[in-house]
Amino acid sequence: AWKTFDGVKTRIEAIRSDDHGLHWSAVKAIAETESQSQHPALISDGKRIYLSWSSLDNGYCLVAIE
């Protein structure tokens, strides 16, 4: 997961590999904001992966990444 900025909006985008990096999914936008935001972090509960992120307009978000 990474943070991008197009001059107006900041987006958190991610890609995923289920085969140890041999193949990757298409880029998927996970979250976006037009306000200030923190850098994203990926966390796991051992079953799922989540994006942990916060922005001034949305507050704290914990988003399951499918």
Side-chain angles (χ1 to χ4, degrees):
W2 61 92
K3 186 174 173 178
T4 65
F5 182 65
D6 66 8
V8 177
K9 291 184 181 180
T10 297
R11 287 186 182 82
I12 303 300
E13 298 177 337
I15 56 175
R16 179 181 175 136
S17 174
D18 293 319
D19 58 8
H20 305 286
L22 293 175
H23 301 91
W24 293 91
S25 69
V27 174
K28 179 179 178 184
I30 306 296
E32 68 179 31
T33 185
E34 291 185 17
S35 69
Q36 293 179 354
S37 61
Q38 300 292 319
H39 290 287
L42 296 178
I43 59 175
S44 175
D45 64 3
K47 297 176 186 173
R48 298 178 86 180
I49 296 172
Y50 299 87
L51 168 72
S52 174
W53 186 56
S54 64
S55 65
L56 286 179
D57 60 350
N58 295 321
Y60 178 73
C61 298
L62 186 64
V63 180
I65 297 179
E66 302 296 329

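Below, all heavy atoms of this structure are taken into account, side chains as well, without hydrogens, waters or symmetry copies. As the structure is a computational prediction, the values presented were derived from the model and not from experiment. Counting from 1, the numbers follow the sequence of the chain as shown.
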Rounded at 0.5 Å granularity, tell me how far [atom1] in [X] sits from [atom2] in [Y].
| X | Y | atom1 | atom2 | value |
| --- | --- | --- | --- | --- |
| Lys3 | Ile30 | NZ | CD1 | 15.5 Å |
| Trp53 | Thr33 | CH2 | OG1 | 5.0 Å |
| Asp57 | Ser37 | CG | OG | 8.5 Å |

Below 4.5 Å, heavy atoms only, C-beta onward: do Ile43 and Leu62 meet side chain to side chain?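 Of all side-chain heavy-atom pairs linking Leu62 with Ile43, at least one is under 4.5 Å.
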
Name each donor-acceptor pair under 3.5 Å that joins a side chain in residues 7-16 to protein atoms two or more places apart or in another chain, with its distance.
{"from": "Lys9", "atom 1": "NZ", "to": "Glu32", "atom 2": "OE2", "distance (Å)": "3.1"}
{"from": "Arg11", "atom 1": "NE", "to": "Glu32", "atom 2": "OE1", "distance (Å)": "3.2"}
{"from": "Arg11", "atom 1": "NH1", "to": "Asp6", "atom 2": "OD2", "distance (Å)": "3.1"}
{"from": "Glu13", "atom 1": "OE1", "to": "Trp2", "atom 2": "NE1", "distance (Å)": "3.4"}
{"from": "Arg16", "atom 1": "NE", "to": "Asp18", "atom 2": "OD1", "distance (Å)": "2.9"}
{"from": "Arg16", "atom 1": "NH2", "to": "Asp18", "atom 2": "OD1", "distance (Å)": "3.4"}

If two hydrophobic side chains count as joined below 4.5 Å and joins carry through other members, does Val27 share a cluster with Trp24? yes

Spell out, yes or no, whether Tyr60 and Val63 are grouped together once hydrophobic residues are joined by side-chain heavy atoms under 4.5 Å, including indirect joins. no

Specify the closest pair of heavy atoms between Tyr50 and Asp45, including all atoms of both residues, with the distance to one decimal.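 Between these two residues, the closest heavy atoms are OH-OD2, 3.4 Å.
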
Return the minimal non-hydrogen interatomic distance between Leu51 and Pro40, and the atom names on each side.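 What the structure gives for the nearest pair is CD1-CB, 3.4 Å.
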
